[in-house]
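All remarks here apply to the structure that follows.
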Amino acid sequence: MRLSRYFLPLLKETPAEAQIVSHRLMLRAGLIRQEAAGIYAWLPLGIRVLNKIKEIVHEEMNRAGAIEILMPTLQSADLWRESGRYEAYGKEMLRIKDRHDRELLYGPTNEEMVTEIFRGYVRSYKSLPLNLYHTQWKFRDEVRPRFGVMRGREFLMKDAYSFDIDKEAARKSYNRMYVAYLRTFARMGLKSIPMRAETGPIGGDLSHEFIVLADTGESQVFCHSDLLDMPIPGEDTDFDGDLEPIIKSRTDLYAATEDVHDQDRFEAEVPEGKRLSARGIEVGQVFYFGTKYSAPMKAVVAGPDGKEVPVEMGSYGIGVSRLVGAIIEASHDEAGIIWPEPVAPFDVALINLKSGDAATDAACEDIYARLTKAGVEVLYDDTDERPGAKFASMELIGIPHQLIVGPRGLKAGVVEVKNRATGAKEELSMDAAVNRFAPA
RNA sequence: CGGGGCGUGGCGCAGCCUGGUAGCGCAUCUGCUUUGGGAGCAGAGGGUCGCGUGUUCGAAUCACGCCGCCCCGACCA
């Protein structure tokens, strides 16, 4: 992409309304624009990041055996009356009427709808286990939206729903999502820690929140510090196999959000030097809720004995739009964002230090063409801004690698490659620089 | 929903207390010079001062109402 033809509205000054660093940087780097309280438009750079995050989430969902669908944003109020949640849900639910005065709502979640879909087709235990997921915009009319996309009213969420014949099978489905989440967040460069969370009226130990540590996090969390450095299950993980050892290696160590924190247990189970008390951002949650929806909504399947039983369900959410903010909270410096490579909006920033200089232009065009042809995503700054302004902009938007080309270097036969995260600079020949990102 | 604050060119702000023809920085446009870490000079364009009502000879400024947004708290992915 040529910057001169792109739409990248950067802000030199910090908008007054943004308090936390991720919100400030998202506005300054031209990722989002606020349209109303807690409602944002995604600008070109922002949507690229959002899509990359979504893609990683989907890859890991698919790997774990979940199947993508897409449910609508608007739902019928009658559906929610079946579960009793239409009345139970408070003012957070945005309620709408259509031209015929039919009651609708903008979905804050999709348990009812996915249960309705399931019961319309599935009759036998032989069709199980089943896990359906989608990524869709949700709306929760928060009293007080804040922190940009970290706590918006409209937000993009991946939610998966598992269906099983009994609790034992449901636990296996739960484990698959748990492991998939470990992989998902790690792939984005995040250290996530699963923590015990409120389970609601169902009880049991089958609910975890996945927390990313950050000073600006909204929850106070407590855990064993060894959880920060646990190995991430590999790509070759057998999701049909026994995942219990992976789960157990983590659940054996204390980890809880403040809702369920027990200070006495914390001190008893965790050696003093390993006690970690910090702020955290919740980026995902896994939850087993049994027949909470299937029973009232009559989503039943026949078991091997021919008897119909309500299906056992769980739900598994990931805050996709929130993750953009969470990643920035975890990865930035004074100059701006530092994108982990897998979610970066572009792979390489090509900086032409002197647009208009024939040799420099030609070198840049050549590099741009070769990298683009090799499938490398390049943002080429071909504008006639001054070098200082170009450097500052690229630091702000945080593309992982900068390829800097100027007349001075070209005379010596070199271009410069700079790593955004470390600041390390290398001088390479043009060919070597191209090969760095697009090995022949 | 309780408490606090703010709405003035695209962005950041001053002006308001003490009413009298709306200003600064950045950005934008034109020209010239400049070009390896947010350039200089000269010129130009751009504002229903959030909306409404009232007070006044006169309102960005005073009063009342409304709307929007932000912050603290309670609540949530």
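Values below: every heavy atom of this structure, side chains too, minus hydrogens, waters and symmetry copies. Every chain is numbered from 1, with letters handed out A, B, ... down the list of sequences. Since this is a predicted model, take the numbers as computed values, not measurements.
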For this session: For Gly317(A), answer base if it contacts any base atom (sugar-phosphate contacts may also be present), sugar-phosphate if it contacts only those atoms, and nothing otherwise; contact means non-hydrogen atoms under 4.0 Å.
Result: nothing
Exercise. Given atom CG of Asn352(A) and atom P of G37(B), what is their separation to the nearest angstrom?
Worked result: 15 Å
Problem set entry | Rounded distance in Å between the C1' positions of G45(B) and A27(B) | 13 Å
Problem set entry | Whole-angstrom distance between A39(B) and A22(B), as gauged at atom P | 34 Å
Exercise. Can you tell me if Glu111(A) and Thr109(A) form a side-chain donor-acceptor pair at under 3.5 Å?
Worked result: yes
For this session: Check whether any side-chain nitrogen or oxygen of Lys12(A) sits under 4.0 Å from OP1 or OP2 of G38(B), and answer yes or no.
Result: no
Exercise. Taking atom P in both G3(B) and C66(B), what distance in whole Å separates the two?
Worked result: 14 Å
Exercise. Does Glu142(A) have any side-chain hydrogen bond (donor to acceptor under 3.5 Å, both in side chains) partners at least two apart in sequence or in another chain, and if so, which?
Worked result: Arg151(A)
Can you name the atoms? Protein N/O to nucleotides 28-35 of chain B N/O, anything below 3.5 Å, with the distance.
{"from": "U34(B)", "atom 1": "O2", "to": "Arg386(A)", "atom 2": "NH1", "distance (Å)": "2.7"}

Exercise. When you measure from the centre of the six-membered ring of Tyr254(A), is the NZ or CZ of Arg196(A) under 6.0 Å away and within 45° of the axis?
Worked result: yes
Exercise. Which part of the nucleic acid, if any, lies within reach of Gly409(A) when heavy atoms closer than 4.0 Å are counted: base, sugar-phosphate only, or nothing?
Worked result: base
Exercise. CG of Asp259(A) versus C1' of A74(B): gap in Å, rounded?
Worked result: 14 Å
Seminar exercise, completed: Contacts of Ala66(A) meeting side-chain contact (heavy atoms from CB on, under 4.5 Å) (sequence neighbours excluded), chain-then-number -> Met61(A), Asn131(A), Tyr133(A), Met177(A)
Exercise. Under 6.0 Å from the six-membered ring centre of Phe346(A) and within 45° of its axis: does the NZ or CZ of Arg48(A) meet both?
Worked result: yes
Problem set entry | Donor-acceptor under 3.5 Å (Lys390(A) side chain, Asp384(A) main chain) | no
Problem set entry | Atom pair distance, as rounded to whole Å: OH in Tyr89(A) and C1' in C75(B) | 12 Å
For this session: For G10(B) and G52(B), measure between their C1' atoms and round to the nearest Å.
Result: 27 Å
Exercise. Using a cut-off of 4.0 Å on non-hydrogen atoms, how would the nucleic acid contact of Glu395(A) be classed: base, sugar-phosphate, or nothing?
Worked result: base
Seminar exercise, completed: Picking from C69(B), G38(B), C76(B), the nucleotide nearest the side-chain atoms of Glu92(A) would be C76(B)
For this session: Please tell me if the side chains of Ser321(A) and Leu50(A) come closer than 4.5 Å, counting only heavy atoms from C-beta onward.
Result: yes
For this session: Among C75(B), C69(B), G36(B), find the nucleotide with the atom closest to the side chain of Arg408(A).
Result: G36(B)
For this session: Output the residues of residues 183-190 of chain A in contact with RNA chain B, where contact means a heavy atom of the residue under 4.0 Å from an atom of the strand; sort by number or write none.
Result: none
Distances for protein N/O vs nucleotides 11-14 of chain B N/O pairs under 3.5 angstrom?
{"from": "C11(B)", "atom 1": "O2", "to": "Glu13(A)", "atom 2": "OE1", "distance (Å)": "3.1"}
{"from": "G12(B)", "atom 1": "OP1", "to": "Ala16(A)", "atom 2": "N", "distance (Å)": "3.4"}

For this session: For C64(B) and U56(B), measure between their C1' atoms and round to the nearest Å.
Result: 16 Å
Problem set entry | Protein-nucleotide distance (His23(A), atom NE2; C71(B), atom C1'), rounded to Å | 13 Å
Problem set entry | By side-chain contact (heavy atoms from CB on, under 4.5 Å) - contacts of Val179(A) (at least two apart) | Pro233(A), Thr237(A), Phe239(A), Leu243(A), Ile246(A), Ile247(A)
Problem set entry | Check: Arg151(A) side chain, C76(B) base, donor-acceptor under 3.5 Å | yes
Exercise. Mapping Glu142(A) and Lys390(A) onto RNA chain B by nearest heavy atom, which one lands closer to the 5' end?
Worked result: Lys390(A)
Problem set entry | Parallel, tilted or perpendicular, as decided by the 30° and 60° cut-offs, for the rings of His134(A) and Tyr161(A) | tilted
Exercise. Can you check the Glu218(A) CD to G73(B) C1' distance for me, whole Å?
Worked result: 13 Å
Seminar exercise, completed: Sorted by chain and residue number, the side-chain hydrogen bond (donor to acceptor under 3.5 Å, both in side chains) partners of Tyr368(A) (sequence neighbours excluded) come out as none
Seminar exercise, completed: side-chain hydrogen bond (donor to acceptor under 3.5 Å, both in side chains) filter on Lys418(A), not counting sequence neighbours, yields Glu395(A)
Exercise. Got a sec? Which of residues 411-428 of chain A come in under 4.0 Å of RNA chain B, heavy atoms?
Worked result: Glu416(A), Lys418(A), Lys425(A)
For this session: Classify the nucleic acid contact of Gly152(A) as base, sugar-phosphate or nothing, counting any heavy atom under 4.0 Å across all strands shown.
Result: base
Exercise. NA contact type, Ala18(A), heavy-atom cut-off 4.0 Å: base, sugar-phosphate, or nothing?
Worked result: nothing
Polar-atom pairs under 3.5 Å, protein N or O versus N or O of nucleotides 1-8 of chain B: list them with distances, or write none.
{"from": "C1(B)", "atom 1": "OP1", "to": "Lys91(A)", "atom 2": "NZ", "distance (Å)": "3.3"}

Exercise. Roughly how far apart, to the nearest Å, are C6(B) and A60(B) at atom C1'?
Worked result: 15 Å
For this session: For Gly319(A), report the nucleic acid contact type (base, sugar-phosphate, nothing); a contact means any heavy atom under 4.0 Å.
Result: nothing
For this session: Using a cut-off of strictly less than 4.0 Å, decide whether Gln285(A) has a side-chain nitrogen or oxygen near OP1 or OP2 of C76(B).
Result: no
Exercise. In chain order, what residues pass the ring-ring contact (aromatic ring centres under 6.0 Å, His included) check against Phe437(A), with sequence neighbours excluded?
Worked result: His401(A)
Problem set entry | side-chain hydrogen bond (donor to acceptor under 3.5 Å, both in side chains) partners for Ser22(A), two or more places apart | Glu329(A)
For this session: For Val405(A) and for Arg146(A), find the nucleotide of RNA chain B with the closest heavy atom, then tell me which residue's nucleotide is more 5'.
Result: Val405(A)
For this session: With P as the reference atom in both, quote the distance from C49(B) to A59(B) in angstrom, rounded to an integer.
Result: 11 Å
Problem set entry | Cation over ring face, Arg95(A) and Tyr86(A), 6.0 Å, 45° | yes
Exercise. What distance, rounded to whole Å, do you find between the two P atoms, one in G31(B) and one in G38(B)?
Worked result: 25 Å
